[in-house]
Amino acid sequence: MRDPVTYAKSLVREMTSHAVGQAIASGALPEAEIPDYVVEIPNETMHGDFAVNVALVGARVFRQSPRAVAESVVKNMQLHPLFSDVQVAGPGFINFFLGQSYYSETIAEILKSGQAYGRTDHGGGDRVMVEFVSANPTGPMHLGNARGGALGDCIAALLNAAGYSVSREFYVNDAGNQIDKFGLSLEARYLQLYRDDIVFPEDGYHGDDITEHAKAFAAQYGDGYAELPAEARREALVAFALPKNIEAMQQVLHDYRIDYDTWFFESTLHKDGTVQKVMDLLTARGYTYEQDGALWYRATDFGAEKDEVLVKSNGFFTYFAVDIAYHYNKFVRREFDRVINVWGADHHGHVARMKGALDALGIGGNRLDVVLMQLVNLVRDGEPVRMSKRTGKAITLTDLLEEIPLDAARFYFVMREYTSHFDFDLGLAVKKDKENPVYYVQYAHARICSILREVAARTNEDADDADLFLLDTEPERSLIRQLSLLPSEIVAAAAECEPARITRNAIDVATAFHKFYEHCRVLCDDADLRRARIALCTATRQVLGNVLALLKVQAPETMEQLAL
RNA sequence: GCGCUUGUAGCUCAGUUGGAUAGAGUGUCUGGCUACGAACCAGAAGGUCAGGGGUUCGAAUCCCUUCAAGCGCACCA
């Protein structure tokens, strides 16, 4: 029962297949191969807990109406004790109803597993890397990084809970063009401190942070670098500013509750020769050619519309070449079974050629999954917000976290599916009322804690040996049914790389609990029922706590705790 | 021009690999606190699933097409 839903579904499948076999053996159905059918959870509870469509998809091969097939199957069905009933309904669905033992065993399982409830070994320990954010280290992080950060971090947590061995990684682009630009920008700001005739590069980084770096550098080293050769000057400035930027990113992300296993530096791929090695590998495999002084990769051999440059005619590698080398490093050098990259949707053109390049290397592009996240629009009370009120510049991750609670930020960025172009409403995120789903879920947790405090104060009862069969009203069963979904929901969310499934699950659990609270008094006079309901509250608190932990959102014991 | 993503209630979004009467939240209207937290619950109203074709027992879901929005199509990263 570690995963109640999956277990019950497998029983349904066994019972159904066996019953069809029996029906054929008894002559009720003609000899035929059992068609593929699905076991699903119906939308309506009156349609049972699980529904099977074998009669609908099998009507043709059995040459009978769906209802007739269903009747024959049900007639030959031996019901497992976990179920209380099976019925034919609608056009020919076979509906299964869970018995009370399912509900009591689910609660027992949750209480026994505790923090481990929801975790499975589905992934078999496969090594998966989740690379996310990987923001350009030449400046502060923006809102897209905020969504990508919450998304990647939650995907990693989900994979971990689903039984994968997960590594979180940040790729630091500390080489190449944008670092040159960074150096030129720093140099211009530095020299401007001493001379009037310095023109700032048109395509340089115009942010104040560049000027701040230059001033700090000047404060520490004076004007000595103004007279040195430009190359040495820029190198010193970059060596001064880049680590500061990286450290700042680490700090902000840490504040955002994201801690990486690895900060991987692009420069190491150049230094240890990986980039050149991978170029040679592609050439040896016959997938490159030279033209116009550049080295080209035959992307068209792998379905792309045009070939791509790997080595520019000036001798430098393209970003694409380095990225191929980076992924070679992930799969071959570091032996990850799977890699998940969280990219902004504006990189979608890069996906097919990256996978193609992995095919070209014989690694297999299907081992790479790219989560293409749509970009975020910031709105306040329906109006688009482009700039920070405080700084007048584009809103950074730091600005955002100063304005809205951390819990709201983490929850909101994964609440919508990553394919949705969504508007982040600053007005809504700070609201501490029922409009805000974060508080709705947290309130449910605090409410349970409050009840359990009350229990401790009044009765000090032990619910360990409670008779869980007493939890048989609809609000109770409906809540337990919701609790039982968690392990399979985590597996599904991990498979889809979609944390939004889990935020929805959290909201659904909270809803089911609030309804239970409304209809069933926990501190009732019947001592047996009381103990059973205490056990249900404890189990619900555990599930909410486990889900919120996956999302890295606080599970408060009182709402006052949330005052931030 | 080609490609990717999206289009479902006034608004924000679900819809579990094609299933039963398309669901939540919010907003509007109405009701519920002298018992465990009303940051909650219950009810009403609200739909041409962007439009049009097709596939089949059955389509919001799959195929074709039109329209609309966002984003890509560099010897940038």
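Residue numbering restarts at 1 for every chain, and letters A, B, ... go by the order of the sequence lines.
- No hydrogens or angles were tested; on distance alone, nothing pairs the side chain of A/T318 with the base of B/C75 as donor and acceptor under 3.5 Å.
- Cation-pi check for A/R13 over A/Y37 is met; the charged atom lies under 6.0 angstrom from the ring centroid and within 45 degrees of its normal.
- Neither OP1 nor OP2 of B/U16 sits under 4.0 Å from any side-chain N or O of A/R501.
- Between the side chain of A/R521 and the base of B/A35, at least one donor-acceptor pair of N or O atoms lies under 3.5 Å.
- Pairing of B/A42, defined by two Watson-Crick or G-U wobble distances under 3.5 Å, is identified with B/U30.
- With hydrogens and angles left out, the side-chain atoms of A/H122 and A/D3 include no donor and acceptor closer than 3.5 Å.
- In this structure, A/Y440 atom OH and B/G37 atom C1' are separated by 14 Å, rounded to whole Å.
- Remark: A/R504 is in phosphate contact with B/G15, judged by side-chain N or O atoms under 4.0 Å from OP1 or OP2.
- Contact between A/R416 and A/E498 at its shortest, heavy atoms only, is O-OE1, 4.4 Å.
- Nucleotide B/G25 forms a pair with B/C11, judged by Watson-Crick or G-U wobble geometry with both contacts under 3.5 Å.
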Can you check nucleotides 17-23 of chain B for protein contacts, nitrogen or oxygen pairs under 3.5 Å, and list what you find?
| residue | atom | partner | partner atom | Å |
| --- | --- | --- | --- | --- |
| B/G19 | N7 | A/N53 | ND2 | 3.4 |
| B/A20 | N6 | A/N95 | OD1 | 2.9 |
| B/A20 | N1 | A/N95 | OD1 | 3.3 |
| B/A20 | N1 | A/N95 | ND2 | 3.0 |

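- Contact of A/H348 with B/G3 (side chain to base): a donor-acceptor pair of N or O atoms is detected under 3.5 Å.
- One finds a side-chain N or O of A/K312 lying less than 4.0 angstrom from the OP1 or OP2 phosphate oxygen of B/C76.
- Side-chain N/O atoms of A/Y418 include none lying less than 4.0 angstrom from OP1 or OP2 on B/U5.
- Figure legend. B/U5 is base-paired to B/A69; pairs are counted as Watson-Crick or G-U wobble with both atom distances under 3.5 Å.
- Residue A/K515 has a polar side-chain atom (N or O) positioned under 4.0 Å from OP1 or OP2 of B/A42.
- The base-pairing partner of B/G19, taking Watson-Crick or G-U wobble contacts with both distances under 3.5 Å, is B/C57.
- For the 3.5 Å distance criterion, the side chains of A/T473 and A/E476 qualify, holding a donor opposite an acceptor.
- Remark: the separation of the P atoms in B/U55 and B/A69 is 32 Å, to the nearest Å.
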